[in-house]
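For reference, the structure is listed below as C-alpha cells.
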Amino acid sequence: TSSPITVTLTGAGGQIGYALLFRIAAGELLGPNVTVRLKLLEIPAGIAGAEGAALELQDGAFPLLDSVNVTDSAAAAFDGTNVALLVGSRPRGPGMERADLLAANGAIFGPQGAAINEHAASDIRVVVVGNPANTNALIAQAHAPDVPRERFTALTRLDHNRALGQLSAKLGIPVRDMDGVTIWGNHSATQYPDVSHATAGGTPVRDLVDDAWLANEFIPRVANRGAEIIEVRGSSSVGSAASATVDHVFDWVNGQRGRWTSVALPSDGSYGVPEGLVSSFPAESVDGKWRIVQGLELNAFSTSRIAASVAELATEREQVQGLGLL
Ligand code: NAX
C-alpha cells in the first residue's frame, strides 16, 4: 500500500453520499492497494446524517480506511484533498426559478472552488455530481485560478452507462463488448447520447439499429432516464449515480481500460464547443489526465444535437455571469 489519499465528499449525509462511502471504503474508487483518508463535508442540517454514516464506516472495519472526519467547514474539508467528490447541492424547490437555483448553487460551488484553490493538494482532481452539474463545475473552476482548469470535471458517466445499458438490452450484447459510445453536452435532457462511432461485439451499432429507434426511443430514454427512475422507484437515482462516480474517478486515476468514456470537462475548443464551457466529450484517461478523443466525424444530425445542448450550456454560463457568480 502507498501513502494515504485524501478524498473529500460533500453531501455525505445524503443518499448518493451514503451509497458512495461504502464503495470508497472498500477500495473501489482508487484501487485495492490504496489507503484512504475520508473527509465529509455537510451543512449543519446534514451533519447528523454524515456522522451516522461515519459510525457505520467504523463498524465496517475496512482495512483501507485510515480515518474519517466530518465537518461543516469547507477549509477543513478540502485541506490536503487529492480527490473531491462534490455531491451536495441545492435542489430545485417548489416554485423556484432557474435563476434562483443557479444563485443558490453559486453560493455553494463558488466558496468550495475557492477553498479547493487555497487548501487542496497540488494534484487535486474534482468531479461535480450535484446538479446543475456542468455549470456548478464551471463556477467552482472559476474560483480556483491556481488549479489547472481540466482538473474540474462534471459527471456524465451515469448517462454514458445508461446508454450502454439501453444498447445492451436492445441488442442482447453484454456491455463489456460495447465501445465508442459518447454523451455530448449538458447533463440535462438536452444531452446527446451518440452511437455513430459505437461498436457492439465488433459490429458498428449503426448497422444493428435504425435511425427511428435511435431518435425516438434510445436518445429520449437515456436523456430522461433520471425521470423514469423517479417515476418507478419514487426516488431519484442513487446506487447508479454512486457507481458512475466511482467509475469516473477510477478511470481518471488509473487509466482507461481500452475504451473511451464520457466526461464533462472545460472545453479546449474541440468540436466547436466554446472554450471553457464544461461540456461532455468522448474522453480517454492517459497518464492520469483526460484527453478528448479527436478526429471523430460528425454528421448533420450529430452536429445539430451537440449544438443544441452546448447552446443550453452557453445560456447557463451567461446567466451565472449575469448573477456575478463567475
Ligand atoms: P440528497 O438530498 O439526498 O443529499 C444531498 C446532501 O447534500 C444533503 O445531505 C445536503 O445536506 C447536502 N448539502 C447541501 N448543500 C451542501 C453544501 N453546501 N455542502 C455540503 N453538503 C451540502 O441528494 P442526493 O440524492 O444524494 O443527490 C445529490 C445531488 O446529485 C443532487 O444535486 C442531484 O440532483 C445530483 N444527481 C446528479 C446526477 C448526475 O449524473 N450528475 C445523477 C444523480 C443525482 O440526481
Side-chain angles (χ1 to χ4, degrees), residues 8-21 23 39-54 69-78 81 84-93 96 101-116 126-140 143 153-163 165 183 185-189 191 193 222-231 233-249 261-265 278-280:
T8 300
L9 170 64
T10 74
Q15 298 288 332
I16 294 172
Y18 188 76
L20 261 174
L21 284 172
R23 303 276 309 261
K39 295 189 173 214
L40 312 186
L41 178 65
E42 260 292 354
I43 52 176
I47 281 281
E51 279 174 347
N69 287 298
V70 181
T71 178
D72 65 359
S73 150
F78 292 111
T81 300
L85 313 174
L86 306 188
V87 177
S89 72
R90 177 74 190 275
R92 192 192 289 242
M96 202 172 179
L101 180 75
L102 291 169
N105 280 293
I108 295 173
F109 288 87
Q112 289 184 359
I116 286 170
V126 182
V127 55
V128 176
V129 177
N131 282 317
N134 299 53
T135 294
N136 288 342
L138 175 70
I139 293 169
H143 287 78
T153 65
L155 188 76
T156 49
R157 184 61 172 265
L158 177 55
D159 309 291
H160 181 93
N161 287 348
R162 286 167 169 166
I183 305 295
N186 201 359
H187 169 70
S188 77
Q191 66 177 256
V222 172
N224 298 300
R225 182 69 159 183
E228 182 182 347
I229 298 292
I230 291 173
E231 211 176 287
R233 17 171 359 249
S235 160
S236 59
S237 308
V238 175
S240 56
S243 195
T245 306
V246 168
D247 290 346
H248 177 114
V249 173
T261 184
S262 302
V263 175
L265 74 180
V278 177
S279 186
S280 187

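For ligands, and for the atoms within them, numbers begin at 1 and follow the listed sequence.
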_Residue Leu41 vicinity, atoms of ligand 1 by number, heavy atom under 4.0 Å_ = 20 (C), 21 (N)
*Among all protein non-hydrogen atoms, which one is nearest to atom 14 (C) of ligand 1, and what is the separation to 0.1 Å?*
Ser89 O, 3.6 Å
*Taking side chain as C-beta onward, heavy atoms only, is Val238 less than 4.5 Å from Arg233?*
yes
_atom 17 (C) of ligand 1 - nearest protein heavy atom and its distance_ = Ile43 CG2, 3.5 Å
*Output the distance between atom NZ (Lys39) and atom CG (Asn69), rounded to the nearest 0.5 Å.*
6.0 Å
*asked:* For the backbone of Gly239 and the side chain of Ser243, can you confirm whether one donor and one acceptor N or O come within less than 3.5 Å of each other?
replied: no
*Identity and separation of the nearest protein heavy atom to atom 45 (O) of ligand 1*: Asn131 ND2, 3.8 Å
*For Gly130, take its heavy atoms, then give the atoms of ligand 1 lying under 4.0 Å from any of them.*
29 (C), 30 (O), 32 (O)
_atom 5 (C) of ligand 1: the protein heavy-atom neighbour that sits closest, reported with distance to 0.1 Å_ = Gly14 CA, 4.2 Å
*Sub-4.5 Å side-chain heavy-atom contact between Gln112 and Leu41*: yes
*Can you sort out which atoms of ligand 1 are near Gly11, meaning under 4.0 Å from one of its heavy atoms?*
6 (C), 7 (O), 12 (C), 20 (C), 21 (N)
*Look at atom 41 (N) of ligand 1 and say which protein heavy atom is nearest, naming residue and atom and giving the distance to 0.1 Å.*
Val129 O, 3.3 Å
_Keeping Asn134 on the side-chain end and His187 on the backbone end, is there a donor-acceptor pair under 3.5 Å?_
yes
_Student check: side-chain heavy atoms of Val129 and Leu85 closer than 4.5 Å_ = no
*Just wondering, do Val246 and Leu20 contact through their side chains at under 4.5 Å, heavy atoms?*
yes
*What about Ser237: any of its N or O atoms under 3.5 Å from an N or O on ligand 1?*
no
*What about Thr10: any of its N or O atoms under 3.5 Å from an N or O on ligand 1?*
no
*With rounding to the nearest 0.5 Å, note down the distance linking CG in Leu158 to CG in Asp247.*
10.0 Å
*Can you tell me which residue and heavy atom of the protein come closest to atom 27 (O) of ligand 1, and the distance to 0.1 Å?*
Ile16 CD1, 3.4 Å
*asked:* Determine whether a donor-acceptor pair (N or O, by modelled atom type, separation under 3.5 Å) exists between the side chain of Asn136 and the backbone of Gly130.
replied: yes
*Measuring from Asn131:CG to Leu101:CG, what's the distance to the nearest 0.5 Å?*
8.5 Å
*For ligand 1, which atoms, with element, lie under 4.0 Å from some heavy atom of Val87?*
28 (C), 29 (C)
*Does Ser73 use its side chain to pair, donor to acceptor, with the backbone of Ala76 at less than 3.5 Å?*
yes
_Only heavy atoms of Leu158, strictly under 4.0 Å: list the atoms of ligand 1 that pass._
40 (O), 42 (C)
*Within 4.0 Å of atom 2 (O) of ligand 1 (strictly less), any protein heavy atom?*
no
_For ligand 1, the portion of Leu155 having any non-hydrogen atom under 4.0 Å away_ = both
*Out of His187, Glu42, Arg90, His160, whose heavy atom sits nearest atom 40 (O) of ligand 1?*
His187
*Do any non-hydrogen protein atoms sit less than 4.0 Å from atom 7 (O) of ligand 1?*
yes
_Gly88 neighbourhood, listing ligand 1 atoms whose heavy-atom distance to it stays under 4.0 Å_ = 7 (O), 13 (N), 22 (C)
_For Ile108, the ligand 1 atoms whose distance to one of its heavy atoms is below 4.0 Å_ = 15 (N), 18 (N)
*Does even one non-hydrogen atom of Gln112 get within less than 4.0 Å of ligand 1?*
yes
*Would you mind checking which non-hydrogen protein atom is closest to atom 25 (O) of ligand 1, with the distance to 0.1 Å?*
Gln15 CB, 3.6 Å
_Minimum heavy-atom separation for Ser89 and Phe109, please, with both atom names._
CB-CE1, 3.8 Å
*Quick one: OG1 on Thr10 to CD1 on Ile108, what's the gap to the nearest 0.5 Å?*
8.5 Å
